[in-house]
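Encoded as structure tokens, the structure appears first; notes follow it.
All chains are named by letter (A, B, ...) in the order of the sequence lines, taking the proteins before the strands, and each is independently numbered beginning at 1.
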Amino acid sequence: MADTPIFDTLRDAIEAEAPVALATVTDGPGRGEKLLVLPDHDSMGSLGNADLDRVVERDMLGELAAGRTGIRHYGAEGQAREEVVAVFIESFAPPPQMVIFGAVDFTAALVKVSKFLGYRVTVCDARPVFATPQRFPTADAVVVDWPDRLLKEIGDSLGERDAVAVLTHDAKFDVPAITSALQTDVGYIGVMGSRRTHDDRTGRLVDAGVGPDGLERLRSPIGLDLGGRTPEETAISIVAEIIALHTGRSVQALRDTDGPIHR
Amino acid sequence: MKELLNDVDRWKKQGKDIAVARVVDLDGSGPRLPGAAMAVSSDGEVAGSVSGGCVEGAVVAEALDVIESRDRRMVTFGYSDDEAFAVGLTCGGTIHLFIEPLDW
């Protein structure tokens with residue numbers, strides 16, 4: 001077995017959940033040559049030409065930030081609008097984050113399905129008796145704190161691919177969790193509660209200064225209308241809502257629609 | 001790639017040669033996106049997948065040949081009239097795989 005320095009570095013970065021991109025020449029001169037790029041580190045390897053390396057490295061950082069993977073074409077020295085070299089750029093973005101407020105039965109189920117979907121999961125509750133790693137063994141972090149204080153700390157790291165689920169249905173936790181989540185760029189904010197809880201909470205949020213745009217961002221009551229009841233079924237309806245939000249789909253059953261399944 | 005790492009590490013420790021197949025492009029409908037990867041050891045062990053199980057058998061054969069020849073290659077699987085009896089994707093799309101030895 002030969003030494004595999006680029007693969008080893010890639011593996012370490014993926015395991016450390018650090019962003020990393022790998023470029024491979026799939027067609028043209030130097031087929032198989034590789035360039036590995038970690039933001040803020042020196043790159044490893046070469047595609048066989050210093051100018052090509054420079055152009056591809058710049059493109060890799062852009063593709064990595066967008067989480068995109070695919071083939072791009074270049075001239076032998078990195079020229080645009082030429083197709084001498086085909087380069088497969090693969091982005092390994094860190095996993096998306098799921099932040100769950102409220103350490104309740106529904107939380108345990110949502111932790112499980114979120115891990116299944118590849119999220120990095122944080123559970124947060126201000127009550128130390130409930131927020132324990134023993135109750136949520138598969139969560140990546142269990143934090144005893146107030147939602148607004150946690151989000152002050154990690155809110156800047158939340159983006160379009162990330163999700164916040166507020167499962168406390170207790171106004172004293174819900175309102176600070178929601179108002180602080182609305183100050184982040186998180187892509188999904190779901191809030192649990194009955195229709196009545198929702199109406200009551202909406203009033204409290206308006207009193208707390210949340211405007212129509214903020215209210216429109218909330219998925220409340222949380223989840224798709226699947227009709228399930230158990231914590232596990234509810235968890236599926238929540239993650240299904242997140243998937244549908246990302247894909248912009250209407251969430252009908254496949255048998256009631258036509259057209260290709262994968263688009 | 002992530003799901004391959006443990007198996008690949010084990011095979012490397014055991015001194016086995018390895019080939020990695022990655023989906024690099026897709027025409028039409030396909031079950032796995034570019035980046036989906038599969039690794040094959042010189043003993044024919046498999047980790048990961050590149051389709052919904054439609055072409056994995058053929059990929060193993062190609063990968064073993066790549067391990068033997070050290071020759072990296074693009075391989076395309078899809079449906080067309082002249083290869084109606086060859087391996088294809090049930091969903092009707094075409095996938096382009098890059099298969100290479102793990103020597104990097």
Side-chain angles (χ1 to χ4, degrees), chain A residues 1-18 20-36 44-48 63-64 67-73 86-95 116 118 120 247 254 258-263, chain B residues 1-37 39 41-43 51-52 54 66-67 69-76 89-104:
Chain A
M1 178 83 227
D3 278 346
T4 56
I6 292 183
F7 177 82
D8 293 349
T9 307
L10 173 67
R11 179 202 56 210
D12 292 347
I14 292 174
E15 283 178 349
E17 298 184 346
V20 58
L22 175 69
T24 305
V25 177
T26 55
D27 209 358
R31 171 181 274 194
E33 297 292 348
K34 297 211 163 45
L35 185 65
L36 187 77
M44 267 183 94
S46 170
L47 304 179
E63 297 294 275
L64 182 58
R68 273 195 301 261
T69 287
I71 289 192
R72 295 175 76 106
H73 294 91
V87 179
F88 178 56
I89 297 177
E90 199 173 358
S91 296
F92 300 90
F116 182 58
R120 187 179 190 284
T247 56
L254 281 170
D258 47 29
I261 292 176
H262 306 289
R263 272 185 263 173
Chain B
M1 187 69 83
K2 189 175 184 179
E3 69 279 11
L4 313 178
L5 298 176
N6 287 340
D7 287 319
V8 168
D9 263 350
R10 194 177 66 249
W11 299 339
K12 281 177 62 179
K13 287 200 186 87
Q14 293 166 347
K16 292 174 184 172
D17 286 326
I18 298 163
V20 176
R22 284 179 288 164
V23 177
V24 297
D25 208 0
L26 195 65
D27 302 320
S29 192
R32 300 289 310 271
L33 294 172
S41 81
S42 42
D43 286 347
S51 73
C54 313
V66 164
I67 290 173
S69 65
R70 322 296 299 163
D71 175 32
R72 356 179 83 82
R73 65 190 69 161
M74 289 284 301
V75 179
T76 295
L89 295 170
T90 51
C91 44
T94 302
I95 55 171
H96 303 276
L97 301 176
F98 188 65
I99 309 181
E100 60 177 346
L102 181 58
D103 56 2
W104 42 276

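Summarising the geometry, atom CG belonging to B/L4 is positioned 12.5 Å from atom CZ belonging to A/R11; distances are rounded to the nearest 0.5 Å. To the nearest 0.5 angstrom, A/F88 atom CZ is 5.5 Å from B/R22 atom CZ. How far CG of A/D3 is from NZ of B/K12: 8.0 Å, rounded to the nearest 0.5 Å. Rounded to the nearest 0.5 angstrom, B/I18 CD1 and A/T4 OG1 are separated by 8.0 Å. Interatomic distance, A/E33 CD to B/R72 CZ, rounded to the nearest 0.5 Å: 8.0 Å.
Between chain A and the residues B/V20, B/V23, B/D9, B/D25, the largest count of heavy-atom pairs under 4.5 Å involves B/D9. Interface remark: of the candidates A/T24, A/I89, A/L36, A/T24 forms the most heavy-atom pairs closer than 4.5 Å to chain B. Ranking B/H96, B/M1, B/R73 against chain A, the residue ahead of the rest is B/M1, based on heavy-atom pairs under 4.5 Å.
Here B/Q14 pairs with B/K16 under the side-chain hydrogen bond (donor to acceptor under 3.5 Å, both in side chains) rule; sequence neighbours left out.
Side-chain contact between A/E15 and B/N6 is present, with at least one heavy-atom pair separated by less than 4.5 Å. Side-chain contact between A/I71 and B/F98 is absent, with no heavy-atom pair separated by less than 4.5 Å. No side-chain heavy atom of B/M74 sits under 4.5 Å from any side-chain heavy atom of A/D27. Using a 4.5 Å cut-off on side-chain heavy atoms (C-beta onward), A/F7 and B/V8 make contact.
In this structure, chain B has a heavy atom under 4.5 Å from the backbone of A/V25, while its side chain stays farther away.
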